[in-house]
Amino acid sequence: MLVAVVLVVIAVGTVVFHVVSPWWWTPIASNWHIIDDATLVTFWITGVAYVAVILFMAYCAVRFRYRKGRRAAYEPENKRLEWWLTGLTSLGVIGLLTPGLIVWNEFVTVPDDAAEFEVVGRQWQWSYRLPGKDGVLGASDPRLITGDNTFGLDPNDPRGQDDVLIEGDDLHLPIGRPLKVLMRSADVIHDFYVPHFRAKMDIIPGMVTYFWFTPTRTGTFDILCAELCGVGHHTMRGMVVVEADTDYQEWLQGQSTFADLMARAAPGDAVKLAADEGRGDAAANGNTRSGSDRPSPINR
Amino acid sequence: MDLLRQITEKPWLPQDAVERLHAERAIAAPAAKIGLRFFLAVVSVLFLLLIIAYAERMRFEAWRPGPQPVLLWLNTALLILGSVGLQWARVAANRRQIDGVRKGLMIGGFFTLAFLAGQIAAWRQLSGIPFFNMASPAIAFFYLITALHGVHIVGGLVAWGRATARVWRASAVARPLQGSVDLCALYWHFLLLVWLVLFGLLFSGNGNIDLLLALCGFR
Amino acid sequence: MAYAEPAVVDHAPPAEVPEVELYHAKTWLTKYVFSQDAKVIAIQYSLTAIAIGLVALVLSWLMRLQLGFPATFSFIEPADYYQYVTMHGMIMVIYLLTALFLGGFGNYLIPLMVGARDMVFPYVNMLSYWIYLLAVLVLAASFFTPGGPSGAGWTLYPPQSILSGTPGQEWGIILMLVSLMLFIIGFTMGGLNYVVTVLQARARGMTLMRLPLTVWGIFVATILALLAFPALFVAVVMSLLDRTVGTSFFMPHIVEMGEQLPYGGGSPILFQHLFWFFGHPEVYIVALPAFGIVSDLISTHARRNIFGYRMMVWAIIAIGGLSFVVWAHHMYVSGMNPYFGFFFATSTLVIAIPTAIKLYNWVLTLWRGNIHFTVPMLFCIAFIVTFLNGGITGLFLGNVSVDVPLSDTMFVVAHFHMVMGVAPIFVIFAAIYHWYPLISGRMFNQALGLFHFWVTFIGAYLIFLPLHYLGFVGVPRRYFEIGETGFVPESAATLNEFITVVALIVGFAQVVFMANLAWSVFRGRVAGRNPWRAVTLEWQTAEVPPGHGNWGPTLPVVYRWAYAYSVPGVEDDFVPQNLPPSQVKAADPSARAAE
Ligand code: HEM
Ligand SMILES: [Cu+2]
Ligand SMILES: [Cu+2]
């Protein structure tokens, strides 16, 4: 009996907890309502199954609990019942999968008019690159990264000269326009994650990953790293400010471009290239670097 | 589809299974042979994954084709002879000819050891070339794959050693002895096959695996 | 559904297959330490797994202390936290669950349940245990090396896992990788044994479809493991080479803290594919034996044949096969080609169908049964609840687009704890309570067992149910502390404290469990033969606990399937698999009339 009561409490309690829980998704700030909708569909279909199965078990626990002299039914199989249940489950699965795949199709199809910007992850900070007046991002290569050229931009690419570089500051984005985020990592895998936007994607060193979204609400939102990237993983935060296009343009004007930075860093001489340096002699160097003399990245 | 029939039976109905079971096992073979076959399946997966990893890695930047030591052709021949030796031993064991078994085992063991020596020579040749670099993926794969294959051969040689010792002590071919020679031969042929695939796809010409993938429509 | 005992065969003709020679231990050392008896090996495996599992349990408390009361425990630094996460996850999944289900229960139950005297390769079986022990020791040693154990997460994703920004980069990661290689080698030895024993050493009359589902589950799980572990092996060896000799299998060009590293061209995603090609089947390597055991226990304690036995077998096989084509559902947001998402979401949701069928059949076995709410049965019911819960959240995470916001959050942590943490652990508890009388010859203390059950069940549910909702809020997993954010409400801190307190209470209940087992070995009531009145062979041995060689002078002969409970027309409500039909007592007609 106790078992049955507990099972009922679990079924009902879970539903009640779900309804009254103060912990629910954050108000959305992007176009991915449809992800939330697909999630709700999933909740409904699976929730019904969950409650039904547990309540049925509670019923069995009462009705078929041990009684002396009673015999269980001997019934090796029941084809009809099994096929019915299989059919119903398949319907449920189709009901889940259809919205899921429709939304995914949307998610992977970047609109043609999406504006691009770049997020660069490194242990343990975010930096951003926005296209300048020409609207395109210049070429980059991790081998070009130096203390001055932290983004590894190609100094000889004219398209990159007007790129706006943001380091150690908030990212600003215009509202209402589809945006394609291009992501690069200098070192390990990170993941660009803004809970309010719902979307996220890993950033793999050695390649450029992407996803797209449209900011739909002005405000300031947290940026987190969602892929373990070392001891400072949880400190890898940032802020994104979504604002009206005019405010955004105004902000953009006040930022420095790659050309500005280069001019400031190396007045006169040419940018040092690090191309192909350090490659080719791995066997000799082995892997004997040590990180012990580096200042701790954690400020607690 | 005997297995299929076995797993669609209705076990709660009356059956005369007691009579049947030993007449038709799920798979008819000695336990050791089944064990070996499963082990070979495991090894196949291992090398298959390595080949896939190799093919995958080729698509990425900084892929430079690996060197193709000519010595490997000789080594391949040696391994084939090793397999031939063990096959000889196996046939002789089936015919209960202890002398043949001895000869076969010796020939097989000799050529297999020669193969290993040849592989080591190839390693040394490679490490001697100018611009040798472990970070070069093709070279790293070459060492990794040949080493893993070599380890399996060495494992086989342990079994071979035990079988050989038994053969030398025995005066005639008995059942268990025939069994172990049989297993050794199976293992050798399998490792030869693995080597031929590895060599053919990866170490005998840079285009081979590309060609295969193109034929299968992947490239 | 007419039932008839096979009237034709009663006595079995003598076996055509000669009995295998049984290894006999001569000294104390070879009997209890370097034993080749599967039952002893099983106990060695189990005790080792539980011992290292306790370490993982303690680590979970430390993690919970940090999450519940951030900035209170100054001895937990971020690096420590990540090391706890990693070691906890790896130990729980590989060194505890895999080893306990296959090395522990597999070794104990397979020979007994199929009616064999021992495993077919006892010597290899013994080696398997010692290599496993070595793997455990190597792993444990990493706690004591400079730099400590690896903090790379149990997934060990490169490049991070071998770079200096991750704790344990000096020795921890190397020992971890070496330990995994050892584990795989040891497991392969044991695994070949389990498979061949099931195929070749069954008693007369034990057709494949008369095998108990426990054996089916362990059998298919072992095949999965044999085919999946090579992927981990390849990934591990290549990582190890990247770390030690500077190859670049998984290492692209990297600029670490402004310093150009000599790597280049490798593919981190390749590692993920290899890892999850192993990692997903791994879930089922743990789950299938649990499925099998639960089926048998429910049937026994509900006195009813398992519902839809054939469907159960086919579902096990189907799940095993399908589990090799769903691995990339762990990689929806990994940066792999996004179009793979369509395929893997579909295959993942398809695998839900055979899984659901299994669940229905457990519940339908309770239906119209005669249920004894023994401690093992209670744990089985708890398993159904938590497994159902975890399976359902699996549908969220498997359904690509729904996964996007949830992946890498606490929702994932809650999901996999329900489905492959809590649920299989409940089966382990159920199985230990169920077979304890067989293994030790004595009964555990009932009251303590019930206490353990209620605290663990309710506690685990209270820990992990709310955790899903923190995931909804957006709290990422593997976070030392979430700190101040604009999206996590204050109340989440209270929730975290609550979860921590419950986790500590649940942990305490495990101490009670272990005390109960230890105490009952010496003081428990003598259980006698077959206390649960089960039909399967392991309860029908000559001695209790079963002696060396299991069966006395003659091997058992099997006359019926493993679920002959409450057979109509038979007096008892169970008919042992090896009871000759002539000895089955027909029911008293007057008693039947009263029904
Ligand atoms: C009461 C018991 C347990 C508690 C309180 C517990 C708690 C935790 C916590 C707090 C984390 C870290 C979450 C994070 O920060 O990402 C974690 C991770 C994990 N746990 Fe448990 N756990 C328990 C039992 C288990 C069991 C039985 C398993 C067996 C499968 C398991 C497997 C894992 C895995 C695989 C991880 C992920 C490690 C990683 O992210 O690398 N846990 N657990
Ligand atoms: Cu991170
Ligand atoms: Cu999976």
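Side-chain atoms are counted along with the backbone in the values below, which use heavy atoms only and exclude waters and symmetry mates.
- Interface remark: Phe342(C) contributes backbone and side-chain atoms alike to the contact with chain A (heavy atom separation under 4.5 Å).
- Between chain C and the residues Leu81(A), Thr209(A), Val108(A), Leu2(A), the most heavy-atom pairs under 4.5 angstrom are made by Val108(A).
- Proximity to chain C (any heavy atom under 4.5 Å) is shown, for Ala61(A), by both the backbone and the side chain.
- Using a 4.5 Å cut-off between heavy atoms, Gln272(C) contacts chain A through its side chain alone, with no backbone atom that close.
- For the residue pair Asn305(C) / Tyr74(A), no side-chain donor-acceptor distance below 3.5 Å is found, with atom types taken as modelled.
- The greatest number of non-hydrogen atom pairs below 4.5 Å with chain A, out of Leu470(C), Asn389(C), Ile458(C), Val488(C), is found for Asn389(C).
- With a 4.5 Å cut-off on side-chain heavy atoms, Ser566(C) and Asn370(C) do not count as touching.
- Both the backbone and the side chain of Arg65(A) have a heavy atom closer than 4.5 Å to some heavy atom of chain C.
- Side-chain atoms of Asp242(C) come within 3.5 Å of backbone atoms of Phe250(C) as a donor-acceptor pair (strictly under, hydrogens ignored).
- Interface remark: Ile357(C) contributes side-chain atoms only to the contact with chain A (heavy atom separation under 4.5 Å).
- Interface summary for chain A: among Gly151(C), Ala79(C), Gly335(C), Gly398(C), the most heavy-atom pairs under 4.5 angstrom belong to Gly335(C).
- Checking His233(A) against Tyr81(C) by side-chain atom types alone, no donor-acceptor pair falls below 3.5 Å.
- With a threshold of 4.5 angstrom between heavy atoms, Ile306(C) approaches chain A through N, CA, C or O but not through any side-chain atom.
- A 4.5 Å side-chain heavy-atom check between Ile189(A) and Pro205(A) finds at least one atom pair inside the cut-off.
- Only the side chain of Trp454(C) comes within less than 4.5 Å of a heavy atom of chain A; its backbone N, CA, C and O stay farther away.
- Heavy-atom pairs under 4.5 Å with chain A peak, among Gly147(C), Gly471(C), Gly369(C), Gly474(C), at Gly369(C).
- A donor-acceptor contact shorter than 3.5 Å is absent between the side chain of Tyr50(A) and the backbone of Val15(A).
- Using a 4.5 Å cut-off between heavy atoms, Phe487(C) touches chain A through backbone and side chain atoms alike.
- With a threshold of 4.5 angstrom between heavy atoms, Ser90(A) approaches chain C through its backbone and through its side chain.
- In this structure, the portion of Ala356(C) lying under 4.5 Å from any heavy atom of chain A is its side chain and not its backbone.
- In this structure, Arg310(C) contributes its side chain and Pro76(A) its backbone to no donor-acceptor pair below 3.5 Å.
- Chain A forms more heavy-atom pairs under 4.5 Å with one residue of Thr166(C), Asp403(C), Ile353(C) than with any other, namely Ile353(C).
- Of the atoms belonging to His196(A), it is side-chain heavy atoms, and not backbone ones, that fall under 4.5 Å from chain C.
- Ranked by heavy-atom pairs shorter than 4.5 Å toward chain C, the options Asp191(A), Val9(A), Thr14(A) are led by Thr14(A).
- Contacts between Pro476(C) and chain A at a heavy-atom distance below 4.5 Å involve the side chain alone, from C-beta outward.
- Ile482(C) touches chain A through backbone and side chain together, each having a heavy atom under 4.5 Å away.
- Using a 4.5 Å cut-off on side-chain heavy atoms (C-beta onward), Met201(A) and Phe192(A) make no contact.
- Interface remark: Thr409(C) contributes side-chain atoms only to the contact with chain A (heavy atom separation under 4.5 Å).
- With a 4.5 Å cut-off on non-hydrogen atoms, Leu7(A) touches chain C through its side chain but not through its backbone.
- For Thr346(C), the parts sitting under 4.5 Å from any heavy atom of chain A are the backbone and the side chain alike.
- Using a 4.5 Å cut-off between heavy atoms, Phe211(A) makes no contact with chain C at all.
- Between chain A and the options Arg303(C), Gln83(C), Arg478(C), His372(C), heavy-atom pairs under 4.5 Å are most frequent for His372(C).
- In this structure, the portion of Asp222(A) lying under 4.5 Å from any heavy atom of chain C is its side chain and not its backbone.
- Contacts with chain C were tallied for Lys79(A), Arg237(A), Arg122(A); Arg237(A) has the most, counting heavy-atom pairs under 4.5 Å.
- For Ala382(C), no part lies near chain A; criterion is any non-hydrogen pair under 4.5 Å.
- Within the 3.5 Å criterion, the main-chain N or O of Gly165(C) finds no donor-acceptor partner in the side chain of Gln160(C).
- Contacts classified as salt bridge (charged side-chain N to carboxylate O under 4.0 Å, His left out) and involving residues 82-109 of chain A (residues at least two apart or in different chains) are not found.
- Considering only heavy-atom pairs separated by less than 4.5 Å from chain C, the leading option among Ala199(A), Ala73(A), Pro27(A), Ala226(A) is Ala73(A).
- Phe373(C) has its ring centre no less than 6.0 Å from the ring centre of Phe453(C).
- Using a 30° and 60° split on the angle between ring planes, Tyr309(C) and Trp561(C) fall in the perpendicular class, above 60°.
- In this structure a side-chain-to-backbone donor-acceptor pair under 3.5 Å is missing from Thr39(A) to Val402(C).
- There is no contact between Phe221(A) and chain C, counting heavy-atom distances below 4.5 Å.
- Contact annotation for Val6(A): only side-chain heavy atoms (C-beta onward) come within less than 4.5 Å of a heavy atom of chain C.
- There is no contact between Pro354(C) and chain A, counting heavy-atom distances below 4.5 Å.
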Check residues 91-105 of chain A and write down every donor-acceptor pair under 3.5 Å in which the side-chain atom is one partner and the other belongs to a residue at least two apart or another chain.
unit_1, atom_1, unit_2, atom_2, d
Thr98(A), OG1, Ile94(A), O, 2.5
Trp104(A), NE1, Pro338(C), O, 3.0

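- Both the backbone and the side chain of Thr46(A) have a heavy atom closer than 4.5 Å to some heavy atom of chain C.
- Counting only distance, with no hydrogens or angles, the side chain of Arg477(C) and the backbone of Ser407(C) share no donor-acceptor pair below 3.5 Å.
- Proximity of Leu388(C) to Val385(C): side-chain heavy atoms (C-beta onward) are nowhere separated by under 4.5 Å.
- Of the possible polar contacts, none joining the Arg63(A) side chain to the Arg368(C) backbone as a donor-acceptor pair under 3.5 Å is found.
- Chain A forms more heavy-atom pairs under 4.5 Å with one residue of Phe396(C), Phe457(C), Phe307(C) than with any other, namely Phe396(C).
- By the 30° and 60° cut-offs, the orientation of the rings of Trp23(A) relative to Phe17(A) is tilted.
- By the neighbour-count criterion of 12 heavy atoms within 6.0 Å, atom CH2 of Trp84(A) is sparsely surrounded, having that number or fewer from other residues, nucleotides or ligands.
- Only the backbone of Tyr563(C) comes within contact range of chain A, judged by heavy atoms closer than 4.5 Å.
- With contacts defined as side-chain heavy-atom distances shorter than 4.5 Å, the pair Cys229(A)/Trp124(A) qualifies.
- Looking at Ile204(A), the atoms closer than 4.5 Å to chain C (heavy atoms on both sides) all sit in the side chain, from C-beta outward.
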